[in-house]
2 protein chains.
Amino acid sequence: MQPQSEIRLTPQRQVILEELAKVKTHPTANEVYDMVRKRLPRIGLGTVYRNLELMADNGMILKLEVGGSQKRFDAITNLHYHIRCTCCGKVDDIELTAMPHLDQLASDSSDYQVVGHHIEFSGICATCGEAQEKAITN
Amino acid sequence: MQPQSEIRLTPQRQVILEELAKVKTHPTANEVYDMVRKRLPRIGLGTVYRNLELMADNGMILKLEVGGSQKRFDAITNLHYHIRCTCCGKVDDIELTAMPHLDQLASDSSDYQVVGHHIEFSGICATCGEAQEKAITN
DNA sequence: CTGCATGCAAACCGTTTGCATCCCC
DNA sequence: GGGGATGCAAACGGTTTGCATGCAG
């Protein structure tokens with residue numbers, strides 16, 4: 001997770017990093033692409049994918065492999081957990097103290113070299129919940 | 001999670017269910033397809049996808065939305081956790097007592113209606129670990 | 001007879017990759 | 001001038017879907 005090797009901070013990479021740090025959501029690669037494109041209209045989608053991947057490998061950002069078909073990215077790299085709306089797919093942080101000791105338990109009860117864990121809650125977000133209620137009362 | 005509506009148990013569905021129950025791994029849709037095809041050579045991949053989805057909606061099986069690009073399916077539907085090999089993608093069960101109370105905590109600290117959670121460990125499985133060591137000592 | 005289920009193939013979507021060009025060192 | 005980075009477009013892998021046919025109730 002620590003930097004493997006210093007990577008050159010090209011304008012594209014810098015903008016990707018800045019835009020990612022700017023939001024508290026956990027955008028997909030495509031959403032990052034849209035954000036970045038406003039500042040660098042000629043950037044290619046491939047470049048965004050390549051650099052997100054690269055920066056995740058370097059520990060500069062976090063690649064969230066959550067449920068749903070798309071990967072999401074996070075500028076906050078310390079251990080924290082997420083909740084995903086099963087309705088709209090939105091992903092939010094969950095304020096829950098990290099439980100790094102779980103890794104030890106998992107290590108004891110398996111023949112894996114455990115490197116980490118992630119907890120993903122699922123639920124209905126406030127927005128989708130309201131929409132549902134409206135649909136029912138109609 | 002409880003059965004929404006009884007679904008008809010066609011031969012295809014029965015075979016899918018049986019084959020899924022037979023293995024302790026967590027096969028992808030394609031792996032299920034391969035298993036089922038040995039008994040029903042003319043079954044279509046679309047049918048497998050449609051029925052896995054349907055049976056998951058009915059709570060008859062579990063759809064695992066773990067990291068990696070593919071969904072996996074599990075005949076064991078009670079709450080339990082998993083570990084995924086970051087090297088080969090294999091998914092195993094982790095013997096760790098379920099912590100259903102986490103849902104309450106998440107509920108308290110968010111504006112979601114929490115419906116559940118899943119813990120996914122990541123690590124290197126025994127097979128991949130050995131392969132790595134061999135590669136180094138060579 | 002009607003409707004759901006199937007097999008098949010084409011479409012789809014997110015992601016990756018090959019390649020020619022560009023730019024920094 | 002050389003090696004990595006980029007833009008672009010084509011390829012890819014997993015999944016979904018439309019449609020004609022089949023079969024159970």
Side-chain angles (χ1 to χ4, degrees), chain A residues 3-20 26-58 60-61 63-73 84 86 88-91, chain B residues 3-20 26-58 60-61 63-73 84 86 88-91:
Chain A
Q4 325 268 36
S5 57
E6 280 315 312
I7 68 168
R8 191 145 58 96
L9 210 50
T10 65
Q12 287 86 340
R13 283 173 192 165
Q14 195 156 351
V15 172
I16 291 173
L17 216 45
E18 285 173 15
E19 292 298 316
L20 195 56
H26 307 76
T28 63
N30 237 301
E31 288 166 353
V32 173
Y33 176 52
D34 283 342
M35 287 157 33
V36 168
R37 203 153 38 146
K38 285 176 190 147
R39 293 173 56 187
L40 300 174
R42 294 192 52 79
I43 196 172
L45 182 55
T47 303
V48 173
Y49 271 100
R50 260 188 297 243
N51 286 333
L52 284 172
E53 192 65 32
L54 204 131
M55 284 153 65
D57 285 350
N58 262 269
M60 304 166 66
I61 63 173
K63 174 163 56 164
L64 300 184
E65 304 219 346
V66 296
S69 43
Q70 298 172 79
K71 296 188 177 103
R72 292 172 174 274
F73 297 87
R84 183 169 56 97
T86 54
C88 68
K90 184 172 65 152
V91 173
Chain B
Q4 324 269 34
S5 56
E6 280 316 311
I7 68 168
R8 191 146 58 97
L9 210 50
T10 66
Q12 287 86 340
R13 283 172 192 165
Q14 194 156 351
V15 171
I16 290 173
L17 216 46
E18 286 172 13
E19 292 298 317
L20 195 56
H26 307 77
T28 63
N30 237 300
E31 288 165 353
V32 173
Y33 175 52
D34 283 341
M35 286 156 36
V36 167
R37 203 153 38 145
K38 285 176 188 145
R39 291 173 57 186
L40 300 175
R42 293 192 54 80
I43 197 172
L45 182 56
T47 304
V48 172
Y49 271 100
R50 260 187 298 245
N51 286 335
L52 284 172
E53 193 65 32
L54 203 132
M55 285 153 67
D57 285 349
N58 263 270
M60 304 166 66
I61 63 172
K63 174 164 56 163
L64 300 185
E65 305 219 346
V66 294
S69 44
Q70 297 173 81
K71 296 187 177 103
R72 292 172 173 273
F73 297 86
R84 182 169 57 96
T86 54
C88 68
K90 184 172 65 153
V91 173

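Computation of the quantities below employed the complete heavy-atom set of this structure, encompassing side-chain atoms and omitting hydrogens, waters and symmetry-equivalent molecules. Protein chains get the first letters and strands the later ones, always in sequence-line order, with residue 1 at the start of each.
With distances taken from any side-chain atom of B:Gln70 to the nucleotides D:dT15, D:dG7, C:dG7, the minimum falls on D:dT15. Side-chain atoms of B:Thr47 lie closest to C:dG7 of the nucleotides C:dT16, C:dG7, D:dT15. Here the nucleotide nearest the side chain of B:Ala29, chosen from D:dG7, C:dG14, D:dT15, is D:dT15. Taking only side-chain atoms of B:Arg8, from C-beta outward, the nucleotide of C:dT16, D:dT16, D:dA24 with the closest atom is D:dA24. When distances are taken from the side chain of B:Leu45 to each of D:dG7, C:dT6, D:dT15, the shortest belongs to D:dT15. Candidate nucleotides C:dG7, D:dG7, C:dA5 were compared by shortest atom distance to the side chain of B:Arg13, and C:dA5 ranks first.
For A:Gln14 and D:dT6, the CD to P distance is 12 Å, given to the nearest whole Å. In this entry the distance linking CD1 of B:Ile7 with C1' of C:dT6 reads 14 Å, nearest Å. Atom CD of A:Gln12 is separated from atom P of D:dC8 by 11 Å (rounded to the nearest Å). A straight line from CE of A:Met55 to P of D:dG4 spans 20 Å, rounded to a whole angstrom. Spacing between atom CD of A:Glu31 and atom P of C:dT15 amounts to 10 Å, rounded to whole angstrom units. Regarding A:Lys71, its NZ atom lies at a distance of 12 Å from the P atom of D:dG14, rounded to whole Å. Separating the CG atom of A:Leu40 from the P atom of D:dC8 is a distance of 12 Å, rounded to the nearest angstrom. When the P atom of C:dG14 is taken as reference, atom CD of A:Glu53 falls 17 Å away, rounded to whole Å.
Look at A:Tyr49 and you won't find any side-chain N or O under 4.0 angstrom from OP1 or OP2 of C:dT16. Here B:Asn30 does not reach the OP1 or OP2 of D:dT15: none of its side-chain N or O atoms lies under 4.0 Å away.
Between B:Leu20 and B:Met55, the closest side-chain pair of non-hydrogen atoms is not below 4.5 Å. Using a 4.5 Å heavy-atom cutoff, the side chains of B:Leu52 and B:Lys71 are not in contact.
Looking at B:Glu19 and B:Arg39, a side-chain N of the basic residue comes within less than 4.0 Å of a carboxylate O on the acidic one, giving a salt bridge.
Side-chain N or O atoms of B:Arg72 include one that pairs as donor or acceptor with a backbone N or O of B:His26 at under 3.5 Å. A donor-acceptor pair is defined here as one N or O able to donate and one able to accept, closer than 3.5 Å; such a pair exists between the side chain of A:Glu31 and the backbone of A:Thr28.
Taking the nucleotide of DNA chain D with the nearest heavy atom to each of B:Gly46 and A:Ile43, the more 5' of the two is matched to A:Ile43.
Using a 4.0 Å heavy-atom criterion, one finds that B:Thr10 contacts the sugar-phosphate atoms exclusively.
For B:Arg50 and D:dG18, a side-chain-to-base donor-acceptor distance below 3.5 Å is present, hydrogens and geometry of angles not being considered.
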